[in-house]
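Everything numeric here is computed off the predicted structure, so don't read it as measured data.
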Amino acid sequence: MELVSQFVALKRAGALYKGLCPFHSEKTPSFVVTPQRQMFHCFGCGAGGDPIRFLMMITGQNFPESVEELARRYGVDLPATEAGDRPRGESRENRLAIFEALSQARDFFEVNLWSEAGQTARRYLAGRGLNQRTAKAFGLGLSLPDWEALRRHLAAAGFSDEVMLKAGLIKPGRQSGQYYDHFRDRLMVPIVNTQGQVSAFGGRVLPGDDQPAKYINSPETPVYTKGDILYGYHRARPYLRANGQAFVVEGYFDLISLVAAGVNEVVAPLGTALTTRQASLLRGQADRVILLFDADEAGQKAAARSLPILMEAELEGRVLTLPEDHDPDTFIREFGDEALYEAAARAVEITEFVAARLRRAHPDTPAGQSRLLGAAREILGQVRDLVKRQLLARRLADLLEIDPAWLGDGGLRRQLAHQASGTPPPRPATYDQTAGALLKIMLIYPEVAPQALAEMAAWWPDDASRPLFERLKESFETRGTFSPEDASGLQPDEMAALVAEAAVSERVYPPEQALKMAGDYMKKIKASWLSRRRQEISAALKKAESRGDEAETDRLTREKNDLLYKMKGV
């Protein structure tokens with residue numbers, strides 16, 4: 001309850017709590033939390049699971065990251081793990097040491113900024129309209145010109161060169177055992193992950209410095225992957241949910257300037273274009289994304305590349321092009337936040353933006369139009385979901401005034417045919433539906449579970465429902481019961497959602513009727529198993545007969561007759 005309440009406004013409804021689902025848009029609450037069972041379920045979109053699953057979905061973190069965050073929030077000590085259990089082969093202890101080194105590096109840089117050595121950097125910040133309060137809020141700092149200032153500081157604090165190297169804070173020199181600081185004489189910007197931990201740094205050159213690169217960033221490390229983190233996301237999360245939208249800007253200081261001016265629902269990808277992982281972070285927090293990239297070709301190209309990413313994430317994308325000679329930083333300082341919000345209300349829908357770019361880039365000639373179709377197909381090819389690709393193709397075709405079939409391959413044309421006929425496209429089931437129904441009965445009516453689990457062990461289908469069946473069986477055999485916590489980390493998502501739905505479902509049938517329903521489901525599962533096995537034996541029998549294998553033919557014939565006998569009894 002405490003965890004979910006940080007993201008969803010919940011109201012009591014009997015023994016349950018209800019609210020608007022954070023994972024899809026809705027006006028009537030269908031999101032339910034059961035405090036007794038520590039489970040959530042949305043009857044609208046089907047999302048469901050335990051607290052770990054909720055944190056994974058709401059933050060975009062993976063399972064180990066979510067477990068670590070929950071442990072840190074509630075003061076739980078996690079057991080040591082093997083090296084292979086962590087990304088890039090790092091143990092939990094090594095990751096903690098890396099995070100601690102990064103945290104102390106942030107403190108070191110911050111002290112430098114407010115010392116005598118930071119006068120030039122402070123003047124630069126003041127020139128950009130950023131005061132001390134803003135600088136401290138973002139943990140801004142300064143790396144010193146000294147080649148080993150940070151290394152010496154961290155070594156004195158007990159950190160090894162190996163940890164500093166893995167944290168991306170130092171680089172190896174030309175000679176063996178020689179290292180030097182990765183960042184020197186730069187304004188430092190800490191990058192925090194979804195849990196608020198410093199994971200990396202960005203360093204900006206100061207005015208008058210002749211260093212060739214304006215910005216340098218931390219390399220990818222065991223705790224930092226560039227495409228997985230959105231700069232500013234951790235602090236922006238409540239504002240994203242409250243406003244239902246996210247401004248996406250290119251640079252650190254664009255973001256900091258917007259926040260200083262009162263625009264809080266803003267994040268920045270650590271590059272230019274959004275990644276799938278970054279879009280997934282936004283999906284649970286906002287419905288609309290306003291891309292506020294620079295007006296130059298690089299910025300506009302990055303905005304266009306975001307179309308398939310936003311489409312996959314089911315986010316409404318809009319592109320806000322600022323007046324010439326302005327970037328977000330200069331615009332917000334000159335015109336203020338109200339002008340930005342007014343401009344955002346007129347932002348162009350991203351598909352219209354992309355279509356306009358395609359038309360401008362390709363002349364109205366046969367060759368030009370052929371290249372336009374190729375470019376449009378390339379965009380569509382990046383949308384993996386066929387239904388979403390179909391919707392995007394129709395929209396693009398309408399804007400480009402062409403036949404939608406010109407943009408599709410055979411698979412897409414089949415999808416269009418389904419749409420035209422009014423029939424939904426086929427969606428393959430990941431598990432036997434009867435098996436799923438029996439699992440749900442066992443979860444809601446645990447008194448029927450022991451018999452069903454014992455009787456069905458040899459008959460259960462080998463599909464996505466088997467992991468949950470095995471969890472139930474193990475739990476009842478060892479403890480005589482099953483709790484939703486036993487489903488932690490269960491894959492695939494459909495099974496976790498099934499457990500969550502059962503956890504919030506009422507017992508509407510008397511136990512004897514539930515037992516009868518379970519018996520009917522068991523008969524159907526057995527009949528399906530026998531039917532599949534009969535088909536397998538028939539196919540094997542034909543092969544044995546064709547190669548003249550009399551012994552194998554006799555064995556298979558006996559097994560087939562035995563199956564026919566069993567089928568009569570089911």
Side-chain angles (χ1 to χ4, degrees), residues 4 16 23 31-57 62-64 66-67 70 85 427-509 511 514-530 532-533:
V4 176
L16 309 176
F23 306 119
F31 181 87
V32 175
V33 177
T34 50
Q36 299 89 343
R37 299 181 182 180
Q38 295 293 297
M39 298 291 285
F40 74 94
H41 181 75
C42 176
F43 290 93
C45 67
D50 58 10
I52 296 174
R53 179 65 186 160
F54 179 83
L55 199 58
M56 289 172 66
M57 294 182 68
N62 60 30
F63 182 79
S66 298
V67 171
L70 284 173
D85 294 340
R427 183 178 181 181
T430 59
Y431 64 93
D432 183 274
Q433 297 302 298
T434 305
L438 179 54
L439 285 169
K440 191 173 177 181
I441 285 287
M442 288 192 283
L443 289 165
I444 300 173
Y445 300 89
E447 58 267 35
V448 311
Q451 177 187 342
L453 292 167
E455 189 174 332
M456 297 305 296
W459 302 92
W460 202 264
D462 189 17
D463 60 15
S465 66
R466 178 169 281 278
L468 178 54
F469 177 84
E470 298 292 349
R471 291 274 186 101
L472 279 168
K473 190 169 183 296
E474 179 185 1
S475 180
F476 272 96
E477 287 175 351
T478 57
R479 295 189 289 106
T481 185
F482 180 85
S483 67
E485 289 79 8
D486 296 327
S488 294
L490 190 68
Q491 296 293 331
D493 293 347
E494 293 98 324
M495 290 296 99
L498 189 147
V499 174
E501 184 177 356
V504 299
S505 297
E506 301 292 335
R507 291 168 62 97
V508 295
Y509 305 113
L515 187 61
K516 182 182 182 304
M517 292 170 64
D520 292 340
Y521 290 140
M522 286 191 282
K523 286 181 180 179
K524 288 183 180 180
I525 293 171
K526 289 179 182 178
S528 295
W529 189 95
L530 289 167
R532 287 194 303 270
R533 183 59 186 152

Inset, instruction - Let me see the working for Asp520 and Lys524 under salt bridge (Lys or Arg N to Asp or Glu O under 4.0 Å), right down to the final yes or no. - result: CA-CA 6 Å; Asp520 292 340; Lys524 288 183 180 180; over 6 Å; no

Search all heavy atoms of [X] against all heavy atoms of [Y] and return the closest pair with its distance.
| X | Y | answer |
| --- | --- | --- |
| Ala437 | Tyr521 | CB-CZ, 3.7 Å |
| Ala518 | Ile441 | CB-CG2, 4.1 Å |
| Pro461 | Ser465 | CG-OG, 4.2 Å |
| Ala457 | Arg466 | O-NH2, 4.4 Å |

Inset, instruction - Could you tell me whether a side-chain N or O of Asp50 sits under 3.5 Å from a main-chain N or O of Met39, the two making a donor and an acceptor? - result: no

Any side-chain heavy atom of [X] sitting closer than 4.5 Å to one from [Y]?
| X | Y | answer |
| --- | --- | --- |
| Val32 | Cys42 | no |
| Lys526 | Glu455 | yes |
| His41 | Val33 | no |
| Pro51 | Phe40 | no |

Out of curiosity, [X] [atom1] to [Y] [atom2], how far, rounded to the nearest 0.5 Å?
| X | Y | atom1 | atom2 | result |
| --- | --- | --- | --- | --- |
| Trp460 | Met522 | CH2 | CE | 9.5 Å |
| Gln433 | Leu438 | CD | CG | 13.0 Å |
| Lys523 | Thr434 | NZ | OG1 | 14.0 Å |
| Gln451 | Met442 | CD | CE | 11.0 Å |

Inset, instruction - Starting from the C-alpha separation in whole Å, work towards a yes-or-no answer on side chain to side chain contact (heavy atoms under 4.5 Å, CB included) for Leu443 and Leu472. - result: CA-CA 9 Å; Leu443 289 165; Leu472 279 168; 3.8 Å; yes

Inset, instruction - Evaluate the criterion side chain to side chain contact (heavy atoms under 4.5 Å, CB included) for residue pair Phe31 and Val4; output intermediate values, then yes/no. - result: CA-CA 11 Å; Phe31 181 87; Val4 176; 3.7 Å; yes

Inset, instruction - Determine, stepwise, if the pair Ser528 / Trp459 fulfils side chain to side chain donor-acceptor pair (under 3.5 Å). - result: CA-CA 9 Å; Ser528 295; Trp459 302 92; over 6 Å; no

Inset, instruction - Please say whether more than 12 non-hydrogen atoms of neighbouring residues, nucleotides or ligands are located less than 6.0 Å from CD in Glu447. - result: yes

Inset, instruction - Could you check Leu453 against Phe469 for side chain to side chain contact (heavy atoms under 4.5 Å, CB included), going step by step and ending with a plain yes or no? - result: CA-CA 8 Å; Leu453 292 167; Phe469 177 84; 3.6 Å; yes

